[in-house]
Enquirer: 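If you scroll down you'll find the structure; I have some questions about it.
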Protein chains: 2
Amino acid sequence: MQKPSARPSLKNIAEEANVSVSLVSKVLNDRLGNTGVTEVIAEKIRTTAKELGYRKNLSAESLRTGRHNAIGVLIHRHGESGSGLTGNIVLGITEAAREHNQKLILNFFERDDEFIEMSETAHRGMMDGLIIGGALHPDLKNHIFSIQKQGLPVVTIFDQPIHPKIVNVGMDQKLAQEMATLHLLDQGCKSVGTLSTHPERTRGYQKAMKDRGIPIHPNWIQDTGALRYTYQAGEAAVKNWLSSDTLPDGIAAQSDAHAMGIINSLHAGGVKVPEQVKVTGFDNSAFCEYVRPTITSVSQVHEQRGKRTMEMVLDLSKGKNAVHEEVQPELILRGSSRSPKD
Amino acid sequence: MQKPSARPSLKNIAEEANVSVSLVSKVLNDRLGNTGVTEVIAEKIRTTAKELGYRKNLSAESLRTGRHNAIGVLIHRHGESGSGLTGNIVLGITEAAREHNQKLILNFFERDDEFIEMSETAHRGMMDGLIIGGALHPDLKNHIFSIQKQGLPVVTIFDQPIHPKIVNVGMDQKLAQEMATLHLLDQGCKSVGTLSTHPERTRGYQKAMKDRGIPIHPNWIQDTGALRYTYQAGEAAVKNWLSSDTLPDGIAAQSDAHAMGIINSLHAGGVKVPEQVKVTGFDNSAFCEYVRPTITSVSQVHEQRGKRTMEMVLDLSKGKNAVHEEVQPELILRGSSRSPKD
DNA sequence: CTGAAAGCGCTTACAG
DNA sequence: CTGAAAGCGCTTACAG
């Protein structure tokens with residue numbers, strides 16, 4: 001169907017505007033060096049380009065410049081349970097990719113060996129840079145480092161940089177949990193508990209409590225053990241709290257599933273949320289918005305992180321510099337932590 | 001960092017193997033026409049290619065062949081509320097893209113005008129085909145059709161084809177709801193209700209009931225009105241059922257938020273799920289797996305649809321044929337519809 | 001059965 | 001200030 005000839009090239013513009021191909025290229029790319037062009041001619045070139053509906057052939061540009069205008073994205077999804085990490089990171093990456101005219105080579109993996117296999121062939125010449133994120137298993141560090149050593153710019157999206165020389169867009173987990181805890185205290189809670197699963201988050205909780213001068217009753221911190229971030233961990237914690245008569249009046253959970261397990265268990269036990277106990281979740285999952293009460297939750301701003309990561313890997317691929325960054329978590333306020341004054 | 005010279009080209013292989021560049025190209029691409037090559041030589045070429053770590057320069061191939069090895073993806077996310085549509089479709093598309101060595105040009109949109117703007121420039125020469133999915137607004141049909149008319153292969157992911165000539169990978173919504181309803185009846189329910197939001201789904205419910213010879217009490221179908229697919233629609237329906245004393249013993253909801261609103265409201269009213277009332281959701285959202293009871297739900301098999309769509313658009317871009325397809329929904333069985341016998 | 005040559009559309013030294 | 005020419009790496013008629 002599509003006639004190849006339908007697409008105008010630099011040559012067509014050059015003929016139409018009575019100039020050379022070189023000049024058209026320079027004008028259209030704003031690459032005139034320290035000399036200038038007659039504004040009249042430049043304008044004429046731009047106009048005819050527009051008239052002809054010119055769009056640069058990216059393959060030709062790639063071939064000539066050695067750039068591919070494509071960025072690889074490697075996300076290890078292992079253990080992701082609907083936190084929306086994948087979707088939201090991709091959203092941000094996509095936005096930046098569109099702005100910068102980049103194609104994407106997306107790859108999601110569940111198993112370490114798939115990840116390793118991909119990471120070893122990924123750099124072989126069809127992308128200008130690589131974004132790596134998701135679950136981080138210790139084994140993967142070496143692989144990631146070796147890719148970068150072979151000359152492909154790499155930016156990671158982990159909580160912490162895995163290596164000083166591999167640029168990372170991180171998120172301060174401790175600060176995130178601190179924010180949630182402080183919010184509960186601000187809402188009038190006198191005794192705040194947490195479900196201990198993520199060490200940094202637990203530290204953030206402890207810091208907030210300490211800063212406000214509230215001694216932590218040992219029962220307030222419920223270790224989730226093997227239940228980790230699950231709904232059942234929330235149920236178990238509530239059960240322990242109720243049976244030991246040490247139920248806090250605020251709970252800064254470490255996942256949204258925690259929060260949901262907590263809320264449902266409390267309701268089942270006749271305790272009202274947020275009236276008697278206020279709860280915050282973690283991850284700002286989609287369902288936080290449509291359960292009742294809606295769940296206040298920490299957003300890891302994955303979309304924003306994805307966007308920054310893409311921008312940084314593009315900088316690196318152009319020889320510019322990029323340094324570690326950290327994005328600020330956001331607390332999304334909803335019903336589960338509402339106080340009468342709100 | 002990366003030395004361009006580090007990457008071997010056909011020329012390098014040709015020199016190494018003492019043959020011409022043309023021959024290397026033909027052998028490596030299995031394009032020998034009806035003539036053959038000495039197997040010895042072919043083998044030698046393949047071996048040296050491997051030794052040198054040769055990988056084809058895709059930009060050069062693109063420039064020469066006119067193919068871009070890139071597929072555009074345009075997803076209209078309007079109204080998506082965590083059904084996981086975006087994420088799962090992307091997962092499937094990604095998988096197929098990897099298998100077929102395609103780059104992706106991803107675009108997500110929330111507003112019609114963004115969608116239209118993109119769809120009008122999308123086809124201008126950096127992709128070989130376009131996948132369009134997500135929310136379908138009537139205005140968009142013309143735009144989609146005009147893209148295809150301009151010569152870019154298009155495959156859509158909507159419930160129904162929007163035009164006989166635009167290949168679609170559909171999903172039978174009626175069948176999906178029929179499956180859920182039949183399942184509830186099979187689990188021993190005598191009176192099944194639904195929340196009417198999606199006309200086809202409601203028809204599927206009606207068909208199942210009719211086929212089993214169960215007359216539908218008018219109250220069993222609760223119109224959700226403006227509440228649509230929300231949690232609150234589920235709450236409202238339960239309220240109506242309880243107050244009118246017509247609560248069915250099975251509810252085939254039309255969204256997972258419905259199901260969650262229903263389950264929480266029933267529990268609040270002292271009705272046990274699944275012991276007294278069994279419930280199914282729709283969309284197989286991530287949270288179905290980690291609330292208690294877990295929620296039986298219809299999967300729209302988005303991942304599979306995404307994969308098929310990519311395969312079909314690639315076929316079209318190669319001049320092959322492709323026809324409308326429909327994928328089969330799957331019912332994912334979980335706790336909310338469990339019967340004692342399970 | 002194998003090879004020489006043209007050309008896809010672009011950018012970039014280089015020359016004038 | 002502007003242009004002619006080379007060349008990125010590949011594929012494909014065409015010739016032998």
Side-chain angles (χ1 to χ4, degrees), chain A residues 2-46 49 52-69 101 124-126 128 318, chain B residues 2-46 49 52-69 101 124-126 128 318:
Chain A
Q2 202 177 14
K3 299 223 183 75
S5 58
R7 258 190 92 193
S9 68
L10 286 188
K11 202 171 142 200
N12 298 320
I13 299 174
E15 283 164 1
E16 198 74 24
N18 266 313
V19 290
S20 74
V21 170
S22 337
L23 196 56
V24 176
S25 172
K26 283 172 207 155
V27 168
L28 259 29
N29 289 296
D30 278 331
R31 233 166 304 184
L32 297 160
N34 34 24
T35 71
V37 203
T38 326
E39 186 48 40
V40 184
I41 294 187
E43 198 47 38
K44 189 171 176 192
I45 291 175
R46 290 194 205 95
L52 266 46
Y54 174 74
R55 304 237 16 213
K56 181 191 294 191
N57 180 318
L58 299 181
S59 299
E61 183 191 32
S62 293
L63 179 56
R64 171 65 225 225
T65 61
R67 304 200 83 242
H68 300 92
N69 294 311
N101 239 309
R124 305 242 230 128
M126 54 189 288
D128 305 316
K318 286 169 190 157
Chain B
Q2 201 176 16
K3 296 223 184 78
S5 58
R7 258 191 92 195
S9 68
L10 288 188
K11 202 169 141 201
N12 298 321
I13 299 174
E15 285 165 0
E16 199 74 25
N18 265 313
V19 290
S20 75
V21 170
S22 337
L23 196 56
V24 176
S25 173
K26 284 172 206 154
V27 168
L28 258 29
N29 289 296
D30 277 330
R31 234 168 303 186
L32 298 160
N34 33 25
T35 72
V37 204
T38 327
E39 186 47 41
V40 183
I41 294 188
E43 198 44 40
K44 188 171 175 191
I45 290 175
R46 291 194 205 94
L52 265 48
Y54 174 74
R55 305 240 12 214
K56 181 192 292 191
N57 180 319
L58 298 181
S59 299
E61 183 192 35
S62 294
L63 179 58
R64 171 65 226 227
T65 62
R67 303 201 85 244
H68 299 94
N69 295 310
N101 237 310
R124 308 240 230 126
M126 53 188 288
D128 305 316
K318 287 169 189 157

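Chain A is the first sequence line, chain B the second, and so forth, proteins listed ahead of strands; every chain is numbered from 1.
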Enquirer: Any chance you could measure B:Ile45, atom CD1, to B:Ile13, atom CD1, to the nearest 0.5 Å?
Expert: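 Reported value, rounded in 0.5 Å steps: 8.5 Å.
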Enquirer: How long is the straight-line distance from CZ of A:Arg64 back to OG of A:Ser62, given to the nearest 0.5 Å?
Expert: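 Spacing of OG (A:Ser62) from CZ (A:Arg64) equals 12.5 Å.
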Enquirer: Roughly how many Å is it from CZ in A:Arg55 to P in C:dG9, rounded to a whole number?
Expert: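 Distance check: A:Arg55 CZ to C:dG9 P gives 16 Å.
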Enquirer: Can you tell me the distance, in whole Å, between the CG atom of B:Leu58 and the P atom of D:dC10?
Expert: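 To the nearest whole Å, that distance equals 9 Å.
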Enquirer: Could you give the distance from CG (B:Asn57) to CG (B:Leu63), rounded to the nearest 0.5 Å?
Expert: 9.5 Å
Enquirer: Nearest 0.5 Å, what's the CD-CG distance between A:Glu15 and A:Leu52?
Expert: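 These two atoms lie 10.0 Å from each other.
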Enquirer: Can you check the B:Ile45 CD1 to D:dC10 P distance for me, whole Å?
Expert: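 Between P of D:dC10 and CD1 of B:Ile45: 14 Å.
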Enquirer: Taking atom C1' of C:dA5 as reference, at what distance in whole Å does atom NZ of B:Lys11 sit?
Expert: 14 Å
Enquirer: Among B:Asn12, B:Val24, B:Leu10, find the one that has a side chain to side chain contact (heavy atoms under 4.5 Å, CB included) with B:Tyr54.
Expert: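 Result for side chain to side chain contact (heavy atoms under 4.5 Å, CB included) with B:Tyr54: B:Leu10.
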Enquirer: Of the non-hydrogen atoms in A:Met126 and B:Leu58, which two are nearest, and what is the gap between them?
Expert: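 Looks like CE-CD1, 3.4 Å.
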Enquirer: Any non-hydrogen side-chain atom of B:Lys56 less than 4.5 Å from a side-chain atom of B:Asn29?
Expert: yes
Enquirer: Can you tell me if the side-chain N/O atoms of B:Ser9 get under 4.0 Å from OP1 or OP2 in D:dG9?
Expert: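 So the side-chain polar atoms of B:Ser9 never come under 4.0 Å of the phosphate oxygens OP1 or OP2 of D:dG9.
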Enquirer: Dot-bracket for DNA chain D, 5' to 3', counting Watson-Crick or G-U wobble pairs under 3.5 Å, with [ ] for crossing pairs and | for inter-strand pairs?
Expert: |||.||||||||.|||
Enquirer: Give the rounded distance in Å between these two atoms: NE2 of A:His68 and P of D:dG9.
Expert: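 Nearest whole value for this atom pair: 10 Å.
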Enquirer: Whole Å only: how far is the CG atom of A:Leu63 from the C1' atom of D:dG7?
Expert: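 So the two atoms are 9 Å apart, to the nearest Å.
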Enquirer: Donor-acceptor check, side chain of A:Ser25 to backbone of A:Val21, threshold 3.5 angstrom: yes or no?
Expert: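 No; judged by distance alone, with no hydrogens or angles, the pair does not exist.
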Enquirer: Output the rounded distance in Å from CG (A:Leu23) to P (D:dA5).
Expert: 16 Å
Enquirer: Heavy atoms only: give me the nearest B:Ser20-B:Ala14 pair and the separation to one decimal.
Expert: C-CB, 3.8 Å
Enquirer: When every nucleotide of nucleotides 11-16 of chain C is labelled 5' to 3' by its protein contacts under 4.0 Å (heavy atoms), B for base, S for sugar-phosphate only, - for none, what sequence of letters results?
Expert: BBB---
Enquirer: I need the CG-P distance between A:Asn69 and C:dC10, as an integer number of Å.
Expert: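 For the pair A:Asn69 CG and C:dC10 P, the rounded distance is 13 Å.
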